[in-house]
Amino acid sequence: MTEPLRIGLAGLGTVGAGVARLLAANADLIAARAGREVRVVAVSARDRAKDRGVDLAGLAWEEDPVALAGRADVDLLVEAMGGESGPAKAATEAALARGAHVVTANKALLAHHGAALAAAAERAGAELRFEAAVAGGIPCVKALGEGLAGNRVARVMGVLNGTCNYILTRMEAEGLAYADVLADAQRLGYAEADPSFDVGGTDAAHKLALLAALAFGTRVDFDGVMTEGIDKLSLADIAHAAELGFRIKLLGVARMQGEALEQRMRPCLVPAASPFGKLEGVTNMVVVEGDAVGRIVMEGPGAGGGPTASAIVADVIDIARGAHSPAFGVPAALLRAAPRAESGAPAAYYIRLALADRPGALGRVAAALGAVGVSIHRMVQSADEAEGGEATVLIVTHETTRERLDSALAVVAASDVSMGAPVAIRIEPV
Ligand code: NAP
Ligand code: HSE
């Protein structure tokens, strides 16, 4: 066997401790597959006294992750600290600058600085890998960059935040508000250090921006992702969607509209019987549609120490074997700066209206929708909520644009039959 691959591990939280545990538990198997021993030599975290549940005896401790990245005995930095800048960025840059490889789980860092870091890795002849940054344990980065590399991708979609899917599943099953379930997701190690990144959709948008760059060869454009989280979703809409045969998911979609890139990460209704509709708990799903292969569906745990360590160690093994590939599938200089699509592709929409329960109210709604060419496919008025002068009306439209729908709903909201702000959620054709 050749020399061991020496790892510097920055961060010993859910992910970092998971990596240390997996490298120790499967050391023989990993060495056999890597063709050499993979050995952690030094670590960094903030609190030296904290019990990590892993044996750190014999490992060097660095207070400063940048010093860890600069150690001559570190061949590869595993960055498991998090944060789009600060020590994660500084340590990654320091490692790459001296030609050490970097494996990171940090989607925030890559969503903001991916192209620059990829270029830095190429200049130094080092590898930058990030399988763990997207969809936890699902090997979707490798699938897009290697297994599907011969395809022109038409669309990539994903449920990419385990915390949100866990919360939505329990909201639907147990009738709990999102805030009641979030604490459990945090306790289980799924959530980000700042969980507003999860429930606000930012974390999933980071991941979608990375998938889009891999799928379409475009520069990572996180600011171009139209993002909305699950924090404003009501239990009523989750229940009504179920009555209509749908489930609500925080779903990401990226596609090219000609030369323009469309990226959306928003709550959507999907058919309950579809693969996305069946996803439960912390599970993620990535769907890729390629011109040669057709549709590929990948499903697996999207967060937690074990699944994330699985993805990190796979990247480490690849590097130990001597594999070389550009971080985003093509050299950083060839990533195209695509213009942003001005709006999403047309779709059907779910609408919930609170209306005065009096003659002519529905007629006003139908007229407002009809005036801008929005056609009604299904409509339901809940009988038991029609008491007290207010009725809940659910509408499923035919395919339309968000702009048309919004203009019609503005007319409804301003009318004297409206008794609450209208809700509209896209029904994604999956
Ligand atoms: P975490 O549990 O909060 O762990 C963060 C670790 O980084 C802690 O050990 C912390 O030290 C250390 N750290 C923070 N700032 C530091 C600094 N300035 N110097 C040295 N060490 C520092 O977070 P995590 O859940 O493991 O997530 C880590 C990364 O993985 C993030 O980028 C996250 O987005 C990503 N990720 C997480 C998951 C998941 O399921 N949790 C899945 C995929 C990707 P102390 O322990 O001493 O505070
Ligand atoms: N907080 C993230 C999630 C971790 O819940 O999906 C995995 O990236």
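No hydrogens, no waters, no symmetry mates; every other heavy atom, side chains included, goes into these values. Ligands are counted one by one from 1 in listed order, and the atoms in each one are counted from 1 as well. Quantities reported herein were computed from a predicted structural model and do not represent experimental measurements.
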If you scan protein heavy atoms around atom 3 (O) of ligand 1, the nearest is A193 CB, 4.8 Å

_Any salt bridge linking R71 with E62? Criterion: basic side-chain nitrogen under 4.0 Å from a carboxylate oxygen._
yes

Report the relative orientation of the aromatic rings in H206 and H112; use parallel for angles under 30°, tilted for 30 to 60°, perpendicular for over 60°.
perpendicular

For N106, the ligand 1 atoms with a heavy-atom partner under 4.0 Å come out as 32 (O)

Judged by heavy atoms only, the candidate from L109, T14, L9 nearest atom 2 (O) of ligand 1 is T14

For T308, the ligand 1 atoms with a heavy-atom partner under 4.0 Å come out as 38 (C), 40 (O), 42 (C), 43 (C), 44 (C)

| said: Taking a cutoff of less than 4.0 Å between a non-hydrogen atom of the residue and any ligand atom, is G304 in contact with ligand 1? | reply: yes

Near G162 (heavy-atom distance under 4.0 Å), the atoms of ligand 2 are 3 (C), 5 (O), 6 (O)

Q) Would one find an N or O of V15, backbone or side chain, under 3.5 Å from an N or O of ligand 1? A) yes

A student checking ligand 1 against P65 at a 4.0 Å heavy-atom cut-off should list atoms 19 (N), 20 (C)

protein heavy-atom neighbour closest to atom 36 (N) of ligand 1 works out as K107 NZ, 3.4 Å

d(E3 CD, D75 CG) to nearest 0.5 Å is 9.0 Å

>> Test your reading of the structure: does R46 have an N or O sitting under 3.5 Å from an N or O of ligand 1?
In response: yes

Q. Is A303 close to ligand 1, meaning an N/O of one under 3.5 Å from an N/O of the other?
A. no

Smallest heavy-atom separation, A94 atom then V66 atom, equals CB-CG1, 3.9 Å

Heavy atoms of T92 and L109 approach each other most closely as OG1-CD2, 3.7 Å

I'd like to know if the side chain of E289 and the backbone of D291 have a donor-acceptor N/O pair within less than 3.5 Å. no

* To do: Could you tell me if any non-hydrogen atom of R52 lies under 4.0 Å from any atom of ligand 1?
  => yes

Should V253 and M157 count as side-chain neighbours, where that means a heavy-atom distance under 4.5 Å? yes

So for D198 against ligand 2, with non-hydrogen atoms under 4.0 Å, the contacting part is side chain

Subject >> Sidechain N-carboxylate O distance under 4.0 Å for E37, R6 >> reply: no

Check your understanding: Under 3.5 Å between some N or O of ligand 1 and some N or O of K50?
Key -> yes

So CG of D237 and CD1 of I351: to nearest 0.5 Å the spacing works out to 11.5 Å

- Under a 4.0 Å N-O cut-off, is there an ion pair linking E262 with R155? no

S44 heavy atoms within 4.0 Å reach ligand 1 at atoms 20 (C)

query: Taking NZ, NE, NH1 and NH2 as the nitrogens, is one of them in R264 or E428 under 4.0 Å from a carboxylate oxygen of the other?
result: yes

Here the atoms of ligand 1 under 4.0 Å from any heavy atom belonging to A132 are 43 (C), 44 (C)

Per-atom filter on ligand 1: closer than 4.0 angstrom to a heavy atom of D47 are 47 (O)

protein heavy-atom neighbour closest to atom 7 (C) of ligand 2 works out as G302 O, 3.3 Å

Atoms of ligand 2 under 4.0 Å from any heavy atom of K107, numbered from 1 in the order shown, are 4 (C), 7 (C), 8 (O)

- prompt: Is there at least one protein heavy-atom neighbour under 4.0 Å from atom 23 (O) of ligand 1?
  reply: no

Pair D184 + R170, salt bridge at N-O below 4.0 Å
yes

Here the atoms of ligand 1 under 4.0 Å from any heavy atom belonging to G189 are 39 (C), 40 (O), 41 (N)

NZ/NE/NH1/NH2 to OD/OE distance under 4.0 Å, K142 and D315 | no

- For atom 30 (O) of ligand 1, is the nearest protein heavy atom closer than 4.0 Å? yes

If you measure every N or O of G13 against every N or O of ligand 1, does any of those distances drop under 3.5 Å? yes

Ligand 2 atoms nearer than 4.0 angstrom to some heavy atom of Y190 are 1 (N), 2 (C), 3 (C), 4 (C), 5 (O)

G82 heavy atoms within 4.0 Å reach ligand 1 at atoms 31 (C), 32 (O)

The answer for which part of A191 has a heavy atom under 4.0 Å from ligand 2 is backbone

inquiry  = Would you say that more than 12 heavy atoms from the other residues, nucleotides or ligands in this model lie under 6.0 Å from the CD of E174, or not?
reply    = yes

Minimal heavy-atom distance between V423 and I425, with the atoms involved, is CG1-CG1, 4.0 Å

Nearest heavy-atom contact between L279 and N284 is CD1-C, 4.0 Å

Ligand 2 atoms nearer than 4.0 angstrom to some heavy atom of K207 are 2 (C), 3 (C), 6 (O), 7 (C), 8 (O)

Atom 18 (N) of ligand 1: closest protein heavy atom, distance to 0.1 Å, is P87 CG, 3.3 Å

Atoms of ligand 2 under 4.0 Å from any heavy atom of E192, numbered from 1 in the order shown, are 1 (N), 2 (C), 4 (C)

Atom 35 (C) of ligand 1 sits nearest the protein heavy atom A105 O, 3.3 Å

Any heavy atom of D203 under 4.0 Å from ligand 2? The part involved is side chain

re atom 21 (N) of ligand 1, the protein heavy-atom contact at minimum distance is A45 CA, 3.2 Å

re atom 34 (O) of ligand 1, the protein heavy-atom contact at minimum distance is E192 OE1, 2.6 Å

Please confirm whether the ring centroid of F246 lies under 6.0 Å from the ring centroid of Y350. no

Polar atom proximity, L12 to ligand 1 (N or O, under 3.5 Å) = yes

task: Verify the neighbour count for atom CD of E342: are there more than 12 heavy atoms of other residues, nucleotides or ligands below 6.0 Å?
output: no

The closest protein heavy-atom partner of atom 12 (C) of ligand 1 is G11 CA, 3.9 Å

Please confirm whether A80 comes under 4.0 Å of ligand 1, counting heavy atoms of the residue only. yes

Smallest heavy-atom separation, L250 atom then E228 atom, equals CD1-O, 3.4 Å

protein heavy-atom neighbour closest to atom 5 (O) of ligand 2 works out as T163 OG1, 2.6 Å

Next on the checklist: Is the ring pair Y190/Y166 parallel, tilted or perpendicular, if the boundaries are 30 and 60 degrees?
Outcome noted: perpendicular

Correct closest heavy-atom pair for A242 and E172 would be CB-OE2, 3.9 Å

